[in-house]
Amino acid sequence: MPYWLMKTEPDTFSIDDLANMPDQTTIWDGVRNYQARNYIRDKIKIDDNILIYHSSCRNIGIVGWATVVRDAYPDPTQFDPSSRYYDPKATEENPRWFSVDVKFNNKFNQLVSLATLKDIDGLKALPLVKKGSRLSVMPVSNSEWKIINALAN
DNA sequence: GCCAACGTTGGC
DNA sequence: GCCAACGTTGGC
């Protein structure tokens, strides 16, 4: 089963916010990067697992994981002029941006910090730890998933 | 808050 | 199609 990692700013939406949602489920909206969009639209499927990463905050790192419960569909915020994610060039007939729904699964007992991730040889290929990488949705291999789960316990 | 690195835009 | 200018990301 494929694995992924998605970034979120906890000040905007944290893993605790996800755990507190009705049915512990939310739309993952606001992705506005083409490479990340392509993963969401074309690759990410129901039952795939998603590591949740907190960025731009005090405690940076992977905090837990969720599971995809709905395949890609047009991100409604692109059509909403009042949304910060509004995109005037997107149309219902020709949407640019896509979302999936994700459901909370587990919060790690301890955060796996970015500094820790950068220190592990088996994680060097992960875009997250590469200098200058800004990709907000990325694939995670089976072995990377295992390493990260081991670090979380 | 700073700023390096990156992705996108738009003039040519 | 190039590339300068701009806006954004995200660690520190």
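When reading the values below, keep in mind they use all heavy atoms of this one structure, side chains included, and skip hydrogens, waters and symmetry mates. In the text below, chain A, chain B and the rest are named by the order of the sequence lines, each starting its count at 1.
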Under 3.5 Å donor-acceptor pairs involving side-chain atoms of residues 2-9 of chain A, not counting sequence neighbours:
unit_1	atom_1	unit_2	atom_2	d
A:Trp4	NE1	A:Asp48	OD2	3.0
A:Lys7	NZ	A:Leu135	O	3.2
A:Thr8	OG1	A:Phe13	O	2.6

Its contact letters, B for base, S for sugar-phosphate only and - for none at protein heavy atoms under 4.0 Å, make nucleotides 3-11 of chain B read --BBSS-S-
Less than 3.5 Å apart, which donor and acceptor atoms pair up between the side chains of residues 57-70 of chain A and the rest of the protein, not counting sequence neighbours?
unit_1	atom_1	unit_2	atom_2	d
A:Thr67	OG1	A:Asn49	OD1	3.0
A:Thr67	OG1	A:Asn105	ND2	2.8

Residue pairs meeting salt bridge (charged side-chain N to carboxylate O under 4.0 Å, His left out), one or both in residues 104-114 of chain A, sequence neighbours left out, come to A:Asp16-A:Lys107
Tabulate below the donor-acceptor pairs under 3.5 Å that side-chain atoms of residues 145-153 of chain A make, not counting sequence neighbours, or state none.
unit_1	atom_1	unit_2	atom_2	d
A:Asn149	ND2	A:Trp145	O	3.1
A:Asn153	ND2	A:Asn149	O	3.1

In short, salt bridge (charged side-chain N to carboxylate O under 4.0 Å, His left out) pairs touching residues 18-36 of chain A with sequence neighbours left out are A:Asp23-A:Lys103, A:Arg32-A:Asp75
